[in-house]
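All figures in this text were calculated on a predicted structure; none of them were measured in a lab. Letters go in sequence order (proteins before strands), and every chain restarts at 1.
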2 protein chains.
Amino acid sequence: MLINELSKRTGITAHTIRFYEKSGLIKGKRDERIKSNNYFHYDDETVEKLELISDAKSIGFTLSEIGQLMEAWYNNKITIPEKVLLLEEKLRSIDEKIKHLKEMKKMIAEFKKSVEEENC
Amino acid sequence: MLINELSKRTGITAHTIRFYEKSGLIKGKRDERIKSNNYFHYDDETVEKLELISDAKSIGFTLSEIGQLMEAWYNNKITIPEKVLLLEEKLRSIDEKIKHLKEMKKMIAEFKKSVEEENC
DNA sequence: AACAACATTAGAGTATAGTCTATACTTGTA
DNA sequence: TACAAGTATAGACTATACTCTAATGTTGTT
């Protein structure tokens, strides 16, 4: 598929997709048989990758962290123990984030209660 | 206390503290009695606020969201029902974040398992 | 008095993550 | 064939959140 369809399927603008391409997060392929243009062609894996990018971004991972994660996910240049290590690191960082969020939630909930009581 | 002590107490650089001051997140007071300088003086509440900023930032709130939160926390120009609404909104957004993190964690854990099994 | 340490402001610079514009070429449809 | 729609690239622009520098003045210590 071309960039426009990829954009429609993922909800990510063509501009941003090109930005991710330039950043090395995704890779379109050029069709050697077609000489009249040099349009990038994308496969379903790229759709998956863009979805992963969206998800990972929404939980606060930077693009460079997401890049590492996708190395482990899709790339075989990295050894299995290295993959496992990387994934464990990400799991730890997610646990940290969850811990912080829970603390913050408790803090806000307590404060909300005190505000409501003040109200009476 | 002056900016240097505030910085030492919070672990936030004086540069960043001044940036927060300019952004309206904290407010130092000038001592009217002292005419020779116009140094900002900070109280313990500012220490608290800076700690809140650090915490809220670590869980992915933007400075402008943190500003709103601190309006509710410290400011009485906002009515109690408004405060409660704002706090509820932040609680919801934290729950959303936690939900996303848990989904991501599950995904990564499953992938890690499959990588490890592949290893045998 | 000398001098280090600290304070202020203005403004420049950096990193991240886009977002948009201009230019130019290609493709598909009326 | 005209022309709208799609594609590529380079580069400018934006927003957020700092981070640093320069210029200048103040305070505290020897």
J.: Does D31(B) reach the side chain of N37(B), with side-chain heavy atoms less than 4.5 Å apart?
T.: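 Not in contact.
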J.: Nearest of dA17(D), dA17(C), dT26(C) to any side-chain atom of K57(B)?
T.: dA17(D)
J.: Does any part of the side chain of E103(B), heavy atoms only, come nearer than 4.5 Å to the side chain of K106(B), both counted from C-beta?
T.: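 Sidechains of E103(B) and K106(B): no contact.
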J.: Indicate whether OP1 or OP2 belonging to dT27(D) is found under 4.0 Å from a side-chain N or O atom of N37(B).
T.: yes
J.: Remember a base hit wins even if backbone is also touched, and classify T62(B) as base, sugar-phosphate or nothing at under 4.0 Å, heavy atoms.
T.: sugar-phosphate
J.: Each residue besides Y39(B) in its hydrophobic cluster should be listed here, by chain and number; the cluster joins Ile, Leu, Val, Met, Phe, Trp and Tyr at side-chain heavy-atom distances under 4.5 Å.
T.: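 Cluster partners of Y39(B): L2(B).
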J.: Check this for me: does any side-chain nitrogen of one of E116(A) and K112(A) sit under 4.0 Å from a carboxylate oxygen of the other?
T.: yes
J.: Between E65(B) (CD) and dT16(D) (P), how many Å, whole number?
T.: 11 Å
J.: Check for a donor-acceptor pair, side chain of E21(A) on one end and backbone N or O of G28(A) on the other, with a separation under 3.5 Å.
T.: yes
J.: If only side-chain N and O atoms of T16(A) are considered, is one of them under 4.0 Å from the OP1 or OP2 phosphate oxygen of dT19(C)?
T.: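 It does, given that an N or O in the side chain of T16(A) lies less than 4.0 Å from OP1 or OP2 of dT19(C).
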J.: Distance check: side-chain N/O of S36(B) vs OP1/OP2 of dT27(D), anything under 4.0 Å?
T.: yes
J.: Measure the distance from CD1 on I12(B) to P on dC18(D) and round it to the nearest whole Å.
T.: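 The answer, rounded to whole Å, is 9 Å.
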J.: Which residue lies toward the 5' end of DNA chain D, I34(B) or S64(B), if each is placed at its nearest nucleotide?
T.: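 The residue closer to the strand's 5' end, by nearest nucleotide, is S64(B).
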J.: Please check if the side chain of R30(A) supplies one atom and the backbone of N38(A) the other of a donor-acceptor pair under 3.5 Å.
T.: yes
J.: Would you mind building the protein contact string for nucleotides 5-15 of chain D? One character per nucleotide, 5' to 3', B for base within reach (heavy atoms under 4.0 Å), S for sugar-phosphate only, - for untouched.
T.: -BSBB------
J.: By the 4.0 Å heavy-atom rule, please label S23(A) as base, sugar-phosphate, or nothing.
T.: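 Contact class for S23(A): none.
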